2 protein chains.
Amino acid sequence: MRKTALIPASVTRGEPQQRCLARDVFDRIGDKWSVEVIYNLTEGTRRFTELRREIDGISQRMLTVTLRALERDGIVRRTVFPVVPPRVEYELTPLGETLRSLIGALVDWSTEHTADVDAARLDYDRRVPETL
Amino acid sequence: MRKTALIPASVTRGEPQQRCLARDVFDRIGDKWSVEVIYNLTEGTRRFTELRREIDGISQRMLTVTLRALERDGIVRRTVFPVVPPRVEYELTPLGETLRSLIGALVDWSTEHTADVDAARLDYDRRVPETL
DNA sequence: CGGTATCCACAGAGATACTG
DNA sequence: CAGTATCTCTGTGGATACCG
């Protein structure tokens, strides 16, 4: 049992694949922050605090947890420089790069179709007004 | 206030886009079941109970909630046939089809790289054994 | 700077029972 | 068949304080 309070289920679970593979990929990147972390590693390496500044609203703890999970899955490489004060750099691995391009496609999809989705919501809320 | 117990935040939230667009797409499909529902609508229409059987582990309530959210976003079309017993069919809209192809790419990625991820995890757990 | 260690709140999800 | 209505529980994620 390597489960601790700091690094919870996201890292612990999923060792064998007994489920649909579609679930696997989304257990991996479907949490609240992984996508934004990967996306923010697009242009080269980032330091911990840089990521913290660039990703709006993420807490220190969740950035740590997310980066550790991505590191364990071989998507992010973590490099510690033995200097004072500490310097830690994060970058995508080649594997992470392949995933990042897919995420880029999803972001593009979102950008292109936001208007469609908003229109669909307005339409739905008109058609199904006070029911539910 | 159209929020109820049955249809919670997933449907209620996200009317304007004030966040990063990357977040939007994952608020939409990043929940526990949306991806599998969309994926199971790949080959034509499905009835409620068919989906329930095909998607392992989903509860009746979560299938309803997920389908309603996808319907509201214009990703799934819901057709009710006024017969007894009731017959309701679900299918992807054209918009949903474009999203499904991206999800297909993610599933393919997952299939192709499962071994890599598993290897990375084993390696990580050896390198960072009992720490944390 | 780059983390850990705790504590805690709340939304997401499960189980169960009931219905047009 | 295709849902609703509740009740409950769990885990995710936030806040805060401290450390090498």
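Quick caveat: nothing in here was measured; it's all calculated off a predicted structure. Each chain gets a letter, A, B and so on, in the order its sequence line appears, and its residues count up from 1.
Legend: residues meeting salt bridge (charged side-chain N to carboxylate O under 4.0 Å, His left out) with Glu112(A), ordered by chain and number and at least two apart, are absent. Looking at residues two or more places apart in sequence or on another chain, you find a side chain to side chain donor-acceptor pair (under 3.5 Å) between Glu89(A) and Arg87(A). Listed by chain and number, the residues in a salt bridge (charged side-chain N to carboxylate O under 4.0 Å, His left out) with Arg52(A) amount to none (sequence neighbours excluded).
Between Leu106(B) and Leu102(B), the closest side-chain pair of non-hydrogen atoms is not below 4.5 Å. With contacts defined as side-chain heavy-atom distances shorter than 4.5 Å, the pair Asp123(B)/Arg121(B) does not qualify.
Rounded to whole Å, the distance from CZ on Arg52(B) to P on dA2(D) is 11 Å. What separates CG of Leu51(B) from P of dA2(D) is a distance of 10 Å, to the nearest Å. For the pair Arg68(B) CZ and dG12(C) P, the computed distance is 18 Å after rounding to whole Å. Here the P atom of nucleotide dC1(C) and the CG atom of Leu67(A) are 17 Å apart, to the nearest Å. When the P atom of dC1(C) is taken as reference, atom CG of Leu63(A) falls 14 Å away, rounded to whole Å. Atom P of nucleotide dA11(C) and atom CG of Asp31(A) are separated by 19 Å, given to the nearest angstrom. In this structure, Phe48(B) places its CZ atom 6 Å from C1' of dA2(D), rounding to the nearest Å. Taking atom CZ on Phe81(A) and atom P on dG2(C), their separation rounds to 11 Å, with Å as the unit.
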Evaluate side chain to side chain contact (heavy atoms under 4.5 Å, CB included) for His113(B) paired with Thr98(A), printing each intermediate quantity in order. CA-CA 10 Å; His113(B) 297 291; Thr98(A) 66; 4.1 Å; yes
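Taking Ile, Leu, Val, Met, Phe, Trp and Tyr as members and joining any whose side-chain heavy atoms lie under 4.5 Å apart, directly or through other members, the hydrophobic cluster of Phe81(B) also contains Val83(B).
Across Thr42(B) and Glu97(B), no two heavy atoms sit closer than the pair O-OE2, 4.4 Å. In terms of heavy-atom proximity, Phe48(B) sits nearest to Leu63(B) at O-CD2, 3.6 Å.
At dG3(C), one or more side-chain N or O atoms of Arg78(A) fall inside 4.0 Å of OP1 or OP2 (strictly under the cut-off). In this model, the phosphate group of dC1(D) is not approached by any side-chain N or O of Tyr90(B) to a distance below 4.0 Å at OP1 or OP2. A sub-4.0 Å separation between OP1 or OP2 of dA2(D) and a side-chain N or O of Thr49(B) is present.
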Which letters describe nucleotides 14-20 of chain C, given B = protein heavy atom under 4.0 Å from base, S = only from sugar-phosphate, - = neither? BB----B
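At its two ends the helix from dC1(C)-dG20(D) to dG20(C)-dC1(D) runs along axes set 60° apart, each axis drawn from five pairs and the angle rounded to 10°.
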